[in-house]
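Note that the numbering runs from 1 along the sequence shown for the chain. In each ligand, atom 1 is the first atom listed, and ligand 1 is the first ligand listed.
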Amino acid sequence: MLRVVVMVSGGGTNLQAIIDAVDNGKITNTEIVGVISNNAGAYALERAAKHNIPALCISPKKYENRDAFNDALLEETKKFKPDLIVLAGFLVAIPPKMVQEYPEKIINIHPSLIPSFCGKGFYGLKVHEGALARGVKVTGATVHFVDEGTDTGRIILQKPVMIDKDDTPEILQKRVMEQAEWIILPEAINMIANNKL
Ligand code: GRF
């Protein structure tokens, strides 16, 4: 049984897609053992609570410096004894010592077709603003392993999404989530849980 910890910062729609996929059998051999957020107000924490998944907030504001926060994040994560850590809209940079502790055991969902519109400064709506500003006709989402860079780890899955001429960043974000993120993130977890990578 793959023990999965999901890290979140916001609405938690990707977390919900994972929860639903475990419930409906699209993900097998998997247990979501914990949810960790850096944001006490993240609705994702409500989603975890509704599903009786242990959830906690580790807020950088509560620590005197980034190193202390990084140490706490790693220590609390280790308590769950995860086989896989899933970054689902998690907006905190994973500290190198955590990547070293979990080599090829941390995955991330990014809302573009990496290597486009990724790296420093490309998160949330900014990704879709970049795609619209460049005028690309196709975007999508990527699931990749997390290494010590930003969105630079080995790519696991990608799914394309067409851009419409009247798209706003918000409309595009929703389409990429619905047609790509919420599909390939559960699929990637299921592949890892069943040694299908
Ligand atoms: C969204 O911008 C999504 O594209 C990205 O993280 C943000 C929040 O997603 N992956 P979620 O609703 O918290 O899963």
Worksheet item: So, H110 versus S112: side-chain donor-acceptor pair below 3.5 Å or not?
Response: yes

[atom]: the protein heavy-atom neighbour that sits closest, reported with distance to 0.1 Å:
atom: atom 1 (C) of ligand 1; value: Q173 NE2, 3.6 Å
atom: atom 13 (O) of ligand 1; value: G12 N, 2.8 Å
atom: atom 12 (O) of ligand 1; value: T13 OG1, 2.6 Å
atom: atom 4 (O) of ligand 1; value: E181 OE2, 2.7 Å
atom: atom 7 (C) of ligand 1; value: G89 CA, 4.2 Å

Worksheet item: Is it the case that more than 12 heavy atoms not belonging to Y63 sit under 6.0 Å from its OH atom?
Response: yes

Discussion item. Does atom CD (E64) have a neighbourhood of more than 12 heavy atoms from anything else shown, all under 6.0 Å?
Written reply: no

Worksheet item: At their closest point, which heavy atom of N29 faces which heavy atom of M1, and how far apart are they?
Response: C-SD, 3.3 Å

Worksheet entry | Stepwise salt bridge (charged side-chain N to carboxylate O under 4.0 Å, His left out) check, K97 with E101 | CA-CA 6 Å; K97 67 173 82 170; E101 179 83 25; over 6 Å; no

Response to the item:
Exactly one candidate in V8, N108, N38 meets side chain to side chain contact (heavy atoms under 4.5 Å, CB included) with F90; the answer is N38

Practice prompt. Go through ligand 1 atom by atom and flag the ones less than 4.0 Å from a non-hydrogen atom of P111.
Written response: 4 (O)

Discussion item. Quick check on contacts: which atoms of ligand 1 are under 4.0 angstrom from a heavy atom of G124?
Written reply: 2 (O)

